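Below you'll find the structure, written out as structure tokens, and then a few comments.
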Amino acid sequence: MPVRRLDPLLVDRIAAGEVVERPSSAVKELVENALDAGATRIDVAVEQGGKRLIRVIDDGCGMDEGDLALAIERHATSKIPDGDLTSIATLGFRGEALPSIAAVADLTIDTRAMGAPHGCSIRVDAGEKRGLTASNWPRGTKIEARALFAATPARLKFLKTERTETAAIVDVVKRLAMAHPQARFSLSADSGALFDYPPCGDDSARRIFQILGEDFAANAFRLEAEREGVKLSGLAGLPTYSRGNAQMQYVYVNGRPVRDKLFAGAIRAAYLDFLSHDRHPVVALFIDCDPRSVDVNVHPAKAEVRFADPGLVRGLVVGALKQALAEKSHRSADTNTRAAIDVLARGNGAPYRAPAPANWSLPRSPYAPAGLEDQPQAAFDAGAPMADARAHETPAQEPQSPLGAARAQLHETYIIAQTQDGLVIVDQHAAHERIVYEKLKRQRESAGVARQMLLIPAVVDLDESRMNALAPAIDELAALGLALETFGPGAVLVRETPALLGEVDCKRLVEDIADILAEEGDARGLSRRLDHVLATCACHHSVRAGRRLSAPEMNALLREMETTPGAGQCNHGRPTYIELKLADIEKLFGRR
């Protein structure tokens, strides 16, 4: 088959596939152009998930006739005035956005440069250019892309549902809006207005709260750090305010939204002590650095970047997050307290019923059926009270400490403590799990985890995959206080366990650790996830739900929580306690 040149229009459509993968890609390129034009207001409208219409209107600097004619030509841009690709200071710079969209859609542009006597307009139908015409457009630029991918049916066929494509557009616009609080952003779809964010000036935190909501504002902490010319700022959520995916992680480099493995790994590493592997923190992080130290030209959609010193940036992110988490680790998510108050408040809406007289009984009532005797009925016997109030058997303690004094234990699971201005409800298992975990970490860092020898070594049978994952890590596990030996083709012998754990279920512990290592995929995974292994050990030893505690034991647990890092949440990211202020309780009873 002979070699031949492709038709220029076909070349444009093939090239467009790298830039315009789906409607949200086109929206991203158009909004970035508006921001680079200095827009302070950007209105986006889409129909049928962007397949039928994408409209972006801005009040930026606009274009004259000469600029407009060049704007739809491939590799024509105003974003690199000196041709230096090592110092990119704009969001869009490739000169491919408008021609790529025009190659796969019907594109119309109305624009007017500042000070120009009139506007101008141009239309491109699936790559075929029409002539320039005069326009009465007042200011800035309006771009409409209709029938997206109509010229490339194969691409259109593989688009997702209208709802999914709209959700992707919402995410794109929100990510750009978060990094540019000085501009007003609005988005509307077939169903109506989706959001309208007013300008916030230089108050980036206010814009973040507009997008992520009041719950995030109540459960976030600020970040400020700098190292060797690289600055980090932003907000991060408490571990107890987490999500099931990483969709709520917003990261920016010099104002450019990115989705880079470097940052995903750094965020996960920082929260490793506080969240299980299936939970993800909510963060909004902004990296500012010299444009010459970062390459933004490594991805067609500019979604990834490369740093001259990636270790410096990763260390800055991990270090700043870890330090802030250590300082805020005694906080528990405010949403848990609000949820508790909401549950308690639901009863306040019940219709009022006058209480029956204290000495009233049905058998003595004149309306009682004949022969009914006043006898207790076993069906209404609730048994012994579920609250263990033995905390009052000891001399009363003043609730001067942050977590107060223990007053009762409910359902052998929750400790009720009285504070100076309210009460605290503690999950005894979650709290003790964090305490044991931190003790194991301190032992490992100082002189190694202390071990206890088993009187009779335990034999644990493992399947092939678990055995293959565990065998290369036996020496490293010994440093964690777990001494294992291979015992035949499919078993290990447990000779010693961490002393802090006391009596443990060796079989279950070894199987869980083997699962951790198998999930990591190689022996080096243990060195990266030693804390995860220790967290598993701590979980196996912690005070279980259902164990009755004495008053001294409950108070001892509270005191240890107050001095333990990360005591606001367990190793899996769940809260260890919730706090109810006296004012909240008084509101529930109508005292306020």
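Numbering of residues begins at 1 and proceeds along the displayed sequence. As the structure is a computational prediction, the values presented were derived from the model and not from experiment. In what follows, every heavy atom counts, from backbone to side chain, and hydrogens, waters and symmetry copies are set aside.
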| query | Are any of the side-chain heavy atoms of Phe263 and Leu285 separated by less than 4.5 Å? | reply | no

| request: Determine yes or no for a side-chain-to-main-chain donor-acceptor pair under 3.5 angstrom, with Gln249 supplying the side chain and Ala264 the backbone. | output: no

| request: Evaluate the side-chain proximity of Arg175 to Tyr252: yes if any heavy-atom separation is below 4.5 Å, no if none is. | output: yes

Show me the donor-acceptor pairs within less than 3.5 Å that the side chains of residues 223-239 make with the rest of the protein, sequence neighbours left out.
none

| query | To the nearest 0.5 Å, how far apart are CG in Asp584 and CG in Leu423? | reply | 9.5 Å

| Do Val317 and Ile287 pass the side chain to side chain contact (heavy atoms under 4.5 Å, CB included) test, and can you show the C-alpha distance, the side-chain angles, and the key distance before you say yes or no? | CA-CA 9 Å; Val317 174; Ile287 299 288; 4.1 Å; yes

| said: What's the separation between atom CG in Leu557 and atom OG1 in Thr576, rounded to the nearest 0.5 Å? | reply: 9.0 Å

| field | Ionic contact status for Lys160 with Glu165, cut-off 4.0 Å | value | no

| request: For residues Ala179 and Phe286, report the shortest heavy-atom separation together with the two atoms involved. | output: CA-CE2, 4.0 Å

| said: How close do Arg184 and Pro199 get, counting heavy atoms only, and between which atoms? | reply: CB-CD, 3.8 Å

| Is any side-chain heavy atom of Tyr250 less than 4.5 Å from a side-chain heavy atom of Met248? | yes

| request: Output all residues satisfying side-chain contact (heavy atoms from CB on, under 4.5 Å) with Asp421, sequence neighbours left out; order by chain, then residue number. | output: Thr419, Glu579, Lys581

| message | Test salt bridge (charged side-chain N to carboxylate O under 4.0 Å, His left out) on Asp427 and Arg574; report intermediate values, then the result. | response | CA-CA 10 Å; Asp427 182 332; Arg574 294 190 296 269; 5.8 Å; no

| Side-chain touch Pro181/Asp202, heavy atoms, less than 4.5 angstrom | no

| field | Set of ring pair (Phe, Tyr, Trp, His ring centres under 6.0 Å) partners for Tyr414, sequence neighbours left out | value | none

| note | In short, Cys506 meets Leu454 closest at the heavy-atom pair SG-CD1, 3.9 Å

| Do Leu558 and Val426 have side chains that get closer than 4.5 Å, going by heavy atoms? | yes

| Going through the distances and angles, do Val282 and Tyr241 end up as a side chain to side chain contact (heavy atoms under 4.5 Å, CB included)? | CA-CA 7 Å; Val282 180; Tyr241 185 82; 4.0 Å; yes

| Step-by-step side chain to side chain contact (heavy atoms under 4.5 Å, CB included) determination, Ser242 to Tyr271 | CA-CA 10 Å; Ser242 60; Tyr271 279 83; over 6 Å; no

| task | Evaluate the side-chain proximity of Ile267 to Val251: yes if any heavy-atom separation is below 4.5 Å, no if none is. | result | yes

| request: Examine distances only and state if a side-chain atom of Gln428 and a backbone atom of Glu412 form a donor-acceptor pair shorter than 3.5 Å. | output: yes

| query | Looking at CD of Gln409 and OG of Ser550, how far apart are the two atoms once the value is rounded to the nearest 0.5 Å? | reply | 9.0 Å

| request: Apply the test side chain to side chain donor-acceptor pair (under 3.5 Å) to residues Gln452 and Thr497: give CA-CA distance (whole Å), side-chain angles for both, the deciding distance (0.1 Å), then the verdict. | output: CA-CA 6 Å; Gln452 61 182 1; Thr497 59; 3.2 Å; yes

| query | For Arg163, does the CZ atom sit with more than 12 other heavy atoms under 6.0 Å from it, leaving out its own atoms? | reply | no

| message | Nearest 0.5 angstrom please: Met178 CE to Ser204 OG, how far? | response | 10.0 Å

| query | Do any N or O atoms from the side chain of Glu562 and from the backbone of Leu403 form a donor-acceptor pair under 3.5 angstrom? | reply | yes

| So do Pro457 and Phe487 actually touch side chain to side chain, heavy atoms under 4.5 Å? | no

| message | Can you tell me how far apart OG (Ser186) and CZ (Phe195) are? Round to the nearest 0.5 Å. | response | 7.5 Å

| note | All heavy atoms of Ala431 vs all of Met561, minimum pair found to be CB-SD, 3.5 Å

| said: If you define the side chain from C-beta out and look only at heavy atoms, does anything of Leu484 sit under 4.5 Å from Leu493? | reply: no

| task | Return the minimal non-hydrogen interatomic distance between Ala205 and Arg222, and the atom names on each side. | result | CB-NH2, 3.4 Å

| note | Residues Arg314 and Ala266: closest non-hydrogen pair is CG-CB, 3.9 Å

| Polar side-chain atom of Arg207 near backbone of Pro198 as donor-acceptor pair, under 3.5 Å | yes

| note | In this structure, CZ of Phe274 is separated from CZ of Arg434 (nearest 0.5 Å) by 5.0 Å

| said: Pair Lys174, Tyr197 - check side chain to side chain contact (heavy atoms under 4.5 Å, CB included), show working. | reply: CA-CA 9 Å; Lys174 282 185 175 182; Tyr197 300 134; 3.2 Å; yes

| query | Would you call Arg508 and Glu511 a salt bridge, using N to O less than 4.0 angstrom? | reply | no

